[in-house]
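Here the structure is laid out as structure tokens; the discussion comes afterwards.
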There are 2 protein chains.
Amino acid sequence: MNRLAEIAKLAGVSAATVSRTLTRPELVAERTRRRVMNAVQATGFRPNELARSLKQSTSRTIGLVVTDLNPFHATLVKGVQDTAEQQGLNVILFTSDDSQAREHEALSVLRSHMPQGLILIPTTHTRQHRHLLRGLTVVELDRESGLGDAHTVQIHNRKGAAEAVRHLISLGHTRIGAIFGQPHISTARERALGYREALAEAGLNSDETLIRHGDDLEASGRTAALELLDGPAETRPTALFVSNHEMTVGTIIALRSLGLRIPADISLAGFDDSRLMLLHEPPISVVAQPTYELGVRACEVLVQALKGEQDVQEVQHLRLEAPFVPRGSTAPPWSAR
Amino acid sequence: MNRLAEIAKLAGVSAATVSRTLTRPELVAERTRRRVMNAVQATGFRPNELARSLKQSTSRTIGLVVTDLNPFHATLVKGVQDTAEQQGLNVILFTSDDSQAREHEALSVLRSHMPQGLILIPTTHTRQHRHLLRGLTVVELDRESGLGDAHTVQIHNRKGAAEAVRHLISLGHTRIGAIFGQPHISTARERALGYREALAEAGLNSDETLIRHGDDLEASGRTAALELLDGPAETRPTALFVSNHEMTVGTIIALRSLGLRIPADISLAGFDDSRLMLLHEPPISVVAQPTYELGVRACEVLVQALKGEQDVQEVQHLRLEAPFVPRGSTAPPWSAR
DNA sequence: GTGAAAGCGCTAACAC
DNA sequence: GTGTTAGCGCTTTCAC
């Protein structure tokens, strides 16, 4: 006998009535409802989600695919999770590591779980996995893949980057090195645009030899920084703008290994705030993403989209502010002299 | 028509044969198998996990309940995730925030998903949720709740803590303040034991006024440190041992606000390594947990337990080494003078 | 307002 | 080796 039937027997009603009591209590007479609820509470019964989802052809589950699980993503995930829980949604988590195979697997597995929707940090492979997203409500988080029908929740990347670079320029820097992520990722592209925009405004022409593209991981930040600083002090950059957290960490390590003092020998502006950035001596100036809120908003957008499913729903494109926070790591050039 | 039946029609076989081809291909004739696989590949078919799990009364899913989602947990989760994926297991993630209600909800929801097993950072409430774990293979990670039938994967807390304190003693410290988590949590208790053990070995009697208990969050570390250092320099501790990462961060912040230099004015030994600890100036001496590996091992223990389900299986209790890593934050007392 | 019955998509006896 | 059939535990018409 299935579990629902047990409760039914206990309460002296049919299985259908138990089900109704649990899902649409207004359809059930007050007295019956009470009897059923008593039986439910006494046994600690909770309907089998799998059976329910199978029957309804959709689950109370959403997928969350992140590209990695560093502190930035952890905060993102927490924002999504907390919000999802409030909505009675469960989260199945995947990490794509920016890999084609893993993203494919994640999306494929996910489909077989009939999720209500999906929150996804897209990768450069997402477009070719388009078919795996068919019929799913998708919210792209942090980056965007260019798929027209997905909602997006991002920050003002260009603006944030421009602010940081303007700040460096206002301090008197003219040779500002930059380290971005891979150019086919939207965040990297937009942040690079902001960098160029700020330079152009100031009448500085952007020198391509001062630009590097890493892969958003610490090691590539280190390598890129070492390359940028591999030259005589007279010609090398007097400031660096690094466009994500991990690569900023890599840059800090590189600067140490070169014995360069921040900001005396070189100014550093990073991206993504963290306690590391805050507690570093000196504290690192950063473009501070509202990370937790990004997660929350992504989930909210998803929930809203799921609710209004019937209506002709507008695709939402949210952009949150990511203010530049000047701290001790940025100072006028040659301040050591 | 259900999706399996579609494939069946396409390949000119019955649904059962498609199912067999996918789950136990050795039972199907070579030729048939090829025809089925063609149809499967052509359509990108993947069986509905919900239906499969419902039928089999168990899913290819495991639950993962963490107490929070800070960088330490993120690494733990990543270890679990990566390993689970290799085993074809999906992870449903929950955060209990050490709250009774949230842990209850997490475990209750989880049950309704018929997971194969559960990896759990237990809380002080876990024992009273015992009934929600019935029939589930459980691996307790990081801490232990004392439930006899759960596997556990932890570090040598006592040993790690003792090493750290011995190091401080060997530097000449005799008044060593300590900040632990709540004493009803196993890690806090064990680390406190290690602290006392090291003091006892050295013939130092442990002074209860030098001990504080926080809640493993940053703010409580800050508060506790401020309390411990609220006194004349002559009587206050010359070194602090803080038994988790977040509270160590809080302590660093407290020391800064008091204008105390590390290690000149006070030595600091923390728990849990991170880039923050490493890049801090000076780098913080810590008991370094093998965090990622803890996650991996927890998942491995779970998988192994699931495999050997039939046999009378021994309950596994793993303890990994957490070596103390001395760095610049610990030095002889009064080294400033 | 409630019950009977069908069926979500799959797997596993059991028959052939 | 393969097909037929029953059923996992629930929800949802459709009757009454």
Side-chain angles (χ1 to χ4, degrees), chain A residues 1-37 39-40 43-61 88 90 108-116 135, chain B residues 1-37 39-40 43-61 88 90 108-116 135:
Chain A
M1 178 167 49
N2 66 39
R3 316 229 301 106
L4 220 177
E6 271 176 55
I7 305 294
K9 202 162 123 194
L10 247 168
V13 297
S14 73
T17 300
V18 178
S19 174
R20 280 196 207 96
T21 308
L22 259 24
T23 49
R24 313 172 66 207
E26 68 278 10
L27 297 181
V28 177
E30 167 76 29
R31 273 200 58 215
T32 319
R33 191 165 59 210
R34 264 214 298 276
R35 253 184 317 145
V36 172
M37 288 314 286
V40 166
T43 54
F45 172 73
R46 176 159 204 148
N48 183 317
E49 276 299 329
L50 266 28
R52 164 181 280 188
S53 304
L54 180 61
K55 175 66 188 169
Q56 303 188 321
S57 297
T58 185
S59 66
R60 311 262 322 138
T61 296
N90 304 118
S108 172
V109 167
L110 196 64
R111 267 190 96 75
S112 69
H113 283 264
M114 301 185 146
Q116 291 228 339
Chain B
M1 179 167 46
N2 65 38
R3 317 230 300 104
L4 219 177
E6 270 176 56
I7 305 294
K9 203 162 122 192
L10 248 168
V13 296
S14 74
T17 299
V18 178
S19 175
R20 279 195 207 99
T21 308
L22 260 24
T23 49
R24 313 173 68 207
E26 68 279 10
L27 296 181
V28 177
E30 168 76 29
R31 275 201 56 216
T32 320
R33 190 164 60 208
R34 265 214 299 275
R35 253 183 319 143
V36 171
M37 288 313 287
V40 166
T43 53
F45 172 75
R46 175 158 203 148
N48 183 318
E49 275 300 329
L50 265 28
R52 165 182 279 186
S53 303
L54 180 60
K55 172 67 187 170
Q56 302 188 323
S57 296
T58 185
S59 66
R60 309 261 324 136
T61 295
N90 305 117
S108 171
V109 167
L110 196 64
R111 267 189 96 75
S112 70
H113 284 265
M114 302 186 141
Q116 290 228 339

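Below, each value reflects all heavy atoms present in this structure, side chains not excepted, and no hydrogens, waters or symmetry copies. Chain letters run A, B, ... following the sequence lines, proteins first and then strands; every chain starts at 1.
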Inset, instruction - Figure out the CZ/C1' separation between Arg52(B) and dC8(C), and round it to whole Å. - result: 16 Å
Inset, instruction - Answer with base, sugar-phosphate or nothing: what part of the nucleic acid does Ala16(B) contact at a heavy-atom distance below 4.0 Å? - result: base
Inset, instruction - Rounded off to whole Å, could you give me the CZ-to-C1' distance for the Arg24(A) and dG1(C) pair? - result: 13 Å
Inset, instruction - Round to the nearest Å and state the distance from Arg60(A) atom CZ to dC10(D) atom P. - result: 16 Å
Inset, instruction - Whole angstrom is fine here: how far is it from CG in Leu27(B) over to P in dC16(C)? - result: 20 Å
Inset, instruction - Would you mind reading off the distance between Met114(A) atom CE and dG9(C) atom C1', rounded to a whole angstrom? - result: 7 Å
Legend entry - Under 3.5 Å donor-acceptor, Ser19(A) side chain and Ala15(A) backbone: no
Inset, instruction - Nearest whole angstrom, please: distance from the C1' of dT2(D) to the CZ of Arg33(B). - result: 14 Å
Inset, instruction - May I ask you to say what Ser53(A) touches in the nucleic acid, namely base, sugar-phosphate or nothing, with a heavy-atom cut-off under 4.0 Å? - result: nothing
Inset, instruction - Please figure out whether Phe45(B) or Arg20(B) has its closest DNA chain C nucleotide nearer the 5' end. - result: Phe45(B)
Legend entry - Lys9(A) and Glu6(A) ion-paired at < 4.0 Å: no
Legend entry - Given DNA chain D, 5'-ward residue of the pair Val13(B) and Ala51(B), judged by closest heavy atom: Val13(B)
Legend entry - N/O donor-acceptor pair under 3.5 Å between Arg35(B) side chain and Ala11(B) backbone: yes
Inset, instruction - Might you point out which heavy atoms bring Pro115(A) and Thr58(A) nearest each other, and give the distance in Å? - result: O-OG1, 4.2 Å
Legend entry - Rounded interatomic separation in angstrom, taking CG from Leu50(A) and C1' from dT11(D): 15 Å
Legend entry - Euclidean distance, atom CG of residue Leu4(B) to atom P of dG3(D) [Å, nearest integer]: 13 Å
Legend entry - Any Thr32(B) side-chain N or O less than 4.0 Å from OP1/OP2 of dT2(D): yes
Legend entry - Residue mapping more 5' on DNA chain D - nearest nucleotide basis, Lys55(B) or Gln56(A): Lys55(B)
Legend entry - Listed nucleotide nearest any side-chain atom of Ser57(A), set dG3(D), dG1(C), dC8(C): dC8(C)
Inset, instruction - State which of dC10(D), dG9(C), dG1(C) makes the closest approach to the side chain of Arg3(A). - result: dC10(D)
Inset, instruction - With rounding to the nearest 0.5 Å, note down the distance linking OG1 in Thr61(B) to CD in Glu49(B). - result: 7.0 Å
Inset, instruction - Consider the side chain of Ser14(B), meaning its heavy atoms from C-beta on, and name the nucleotide among dT11(C), dC8(C), dG3(D) that approaches it most closely. - result: dG3(D)
Legend entry - Position toward the 5' end of DNA chain C (nearest nucleotide), Asn48(B) or Thr17(A): Thr17(A)
